[in-house]
Structure formats: C-alpha cells, structure tokens
Peer 1: 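This is the structure I want to talk about, given as structure tokens.
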2 protein chains.
Amino acid sequence: MACDLCQLLAAPAEGVLIWSDHQLSVVAVDEPEYPGFTRVVWNAHVKEMTDLDAADRHRVMDAVWAVEAAQRAVLAPEKINVASFGNMTPHVHWHVIPRYLDDAHFPSPTWAVAQRGSAPEALAARRALLPALHAAIIERLKVPT
Amino acid sequence: MACDLCQLLAAPAEGVLIWSDHQLSVVAVDEPEYPGFTRVVWNAHVKEMTDLDAADRHRVMDAVWAVEAAQRAVLAPEKINVASFGNMTPHVHWHVIPRYLDDAHFPSPTWAVAQRGSAPEALAARRALLPALHAAIIERLKVPT
C-alpha cells in the first residue's frame with residue numbers, strides 16, 4: 001500500500017509545500033477549522049523518531065520549533081499543540097497546531113469531540129495571516145532556531 | 001490557580017516518579033487502558049517549548065526519545081505516539097504512549113472516541129512489563145540517547 005505522505009511529497013498540490021530541503025518538508029494542512037495547522041515531514045519513509053539518529057532527530061525538532069515560533073509570532077494563539085502519531089501513516093511527521101480559546105475543540109486536543117463551531121469571522125481573520133505565517137516559517141528555517 | 005504538574009512534582013505519590021534530575025522528571029501515568037503511558041515534564045513552570053532555549057529543548061526531547069526507546073525495547077508496541085498540548089495545564093510536558101493494534105483507540109489518537117474495549121489479559125500482560133520498562137527508562141537516561 002502506498003504511503004500518503006510519500007505520495008504527497010512526490011507531487012504536492014499547489015500551495016501545499018511551504019518549504020523543503022533534502023531531508024525535511026514543511027506542509028500547509030487544509031483543515032478549515034484550523035488555519036495555520038502545519039506539518040513537518042521527514043522526507044524519507046521512516047516509522048519512528050528513534051529510527052533516526054540523534055542529529056537527524058534534532059534537525060526534525062528544530063524545524064518543528066521554527067514553525068512553532070513563527071505561529072506564535074504571526075498568529076499569537078493561546079497555545080501551540082505539537083504531536084507525532086503515525087498510527088495510520090507510519091512515516092515521521094509532526095502536527096504543529098495553533099490553538100485558540102474559541103476554537104472548535106479547546107481545551108481538548110483537536111482529535112477529541114468538537115465542543116463548538118468556530119466563528120466564520122475568526123477563521124477568516126486567521127486565514128488572512130497565512131501568507132505572513134508562511135513567510136515567517138521560511139525566514140526562520142534559514143537560520144538556527 | 002495552582003498548576004497540576006507543579007503540585008504533582010512537589011509531592012509525587014508513591015510509584016509515580018520514575019526518574020528526575022534538576023531540570024526534568026519522568027512520570028508514570030495511571031491510565032488503565034494504556035500501561036506504560038509515560039510523561040516527561042520540565043520541572044519549572046514554562047508554557048511553551050519555544051520559551052526554553054535550544055539546549056534545554058534538546059534536553060527535553062532527548063528524554064522523550066529515551067522513553068520512546070525504552071518503550072520499544074521492553075513493550076514492542078505497534079507504534080509510539082508523542083504529544084505536547086498543555087491547553088489545560090500550560091507547563092511543558094510530553095505524553096509518550098505505546099500503541100497497539102488492539103488498544104482502545106487504534107488507529108486514532110488516544111484523545112479520540114474509543115473504538116473498542118481492551119482485553120483484560122492484554123492489559124495484564126503489558127502491566128507485568130512495567131517494572132522492566134521503568135528500569136529501562138532509568139538506564140537510558142543515564143547515557144546520551
């Protein structure tokens with residue numbers, strides 16, 4: 001069975017790939033309730049973080065922290081949520097999710113049952129910041145975090 | 001309002017604290033469906049990983065990978081799940097969760113709706129490995145991961 005992330009990296013749709021190099025890709029996630037939701041993906045098909053060596057793990061996490069820092073700087077959310085599961089797609093990837101007091105699941109994780117709908121104007125305001133967010137991610141990935 | 005994690009670290013109940021030093025604590029989580037569920041907690045009350053400097057972030061994550069490696073070695077789960085939310089308790093902590101094909105939520109994250117009950121004998125077999133797991137965590141935290 002083909003891996004969803006291998007397929008996505010092989011032919012990313014327009015606007016999906018924010019940044020990449022020979023080891024890592026940073027991808028915009030199309031999740032309507034969560035503008036700014038970003039994934040950091042190890043390019044190679046590797047199952048667990050501890051299948052990578054220490055230097056490669058640090059590279060992955062430094063990219064995660066670059067995304068977190070950019071989300072905080074541009075979106076000013078209430079909290080950042082960071083998670084790596086891979087139960088369905090066992091290919092190292094990190095979810096980096098800006099959370100807000102009024103978002104659909106707060107204070108639960110976004111995988112829990114939704115607690116409310118999101119106000120369209122709040123989502124529109126967050127979507128308007130996505131070009132600035134992507135620019136900030138690219139800028140932070142150029143320099144050590 | 002007092003922080004749950006600050007309170008837990010100030011007076012951990014018997015058997016909860018697996019390992020600690022001046023910066024980090026590794027804690028056994030009492031989650032009946034998930035024997036081996038472990039948390040890595042930064043001792044100081046800090047909200048986000050990017051509030052820590054790069055060296056401290058590396059220390060936190062190296063402890064997370066030590067726990068992941070110990071879980072893989074002792075429990076041989078299907079997958080490791082790693083997450084840091086902090087929406088309710090904004091004090092840096094990581095959930096490190098061994099996942100199995102027959103666990104209550106697989107392949108969903110453990111925060112989603114449960115898909116089944118766990119077989120008592122499977123849980124008992126996993127619980128029986130906890131002393132070995134805790135010994136392996138302690139051993140791996142003595143050496144660089």
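First the proteins, then the strands, lettered A, B, ... as listed; each starts at 1.
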Peer 1: Sub-4.5 Å heavy-atom contacts with chain B: which residues of residues 34-48 of chain A show up?
Peer 2: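 The residues closer than 4.5 Å to chain B, in numerical order, are A/K47, A/E48.
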
Peer 1: Counting only N and O atoms by type, is there a donor-acceptor contact under 3.5 Å from the side chain of A/R140 to the main-chain atoms of A/W65?
Peer 2: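 Pair absent, no side-chain N/O of A/R140 close to backbone of A/W65.
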
Peer 1: Show me, pair by pair, the donor-acceptor contacts under 3.5 angstrom made by side chains of residues 4-14 of chain B, not counting sequence neighbours?
Peer 2:
none

Peer 1: To the nearest 0.5 Å, tell me how far B/I80 CD1 sits from A/T50 OG1.
Peer 2: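 B/I80 CD1 to A/T50 OG1: 7.0 Å, rounded to 0.5 Å.
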
Peer 1: If the threshold is 4.0 Å, N to carboxylate O, is there a salt bridge linking B/D51 and A/R72?
Peer 2: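 Salt bridge flag = yes for A/R72 with B/D51.
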
Peer 1: Quick check on A/D102: does its CG atom have over 12 non-hydrogen neighbours (other residues, nucleotides or ligands) under 6.0 Å away?
Peer 2: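 Yes.
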
Peer 1: Just to be sure I understand the criterion: a residue of residues 110-132 of chain B counts if one of its heavy atoms is under 4.5 Å from a heavy atom of chain A. Which ones qualify?
Peer 2: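 When heavy atoms of chain A are the reference, residues 110-132 of chain B contributes B/W111, B/A112, B/V113 within the under-4.5 Å range.
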
Peer 1: Distance-only, no hydrogens or angles: does the A/R57 side chain make a donor-acceptor pair with backbone N or O of B/D62 under 3.5 Å?
Peer 2: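 Absent.
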
Peer 1: What residues join B/L101 in its hydrophobic cluster, counting side-chain heavy atom gaps under 4.5 Å, either direct or through other members?
Peer 2: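 Members other than B/L101 - counting any ILVMFWY side chain reachable under 4.5 Å - are B/F106.
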
Peer 1: Roughly how far, to the nearest 0.5 Å, is the CD atom of B/Q71 from the NZ atom of B/K79?
Peer 2: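 Reported value, rounded in 0.5 Å steps: 11.0 Å.
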
Peer 1: Give the intermediate values and the outcome of side-chain contact (heavy atoms from CB on, under 4.5 Å) for residues B/M49 and B/V92.
Peer 2: CA-CA 7 Å; B/M49 282 292 286; B/V92 165; 3.6 Å; yes

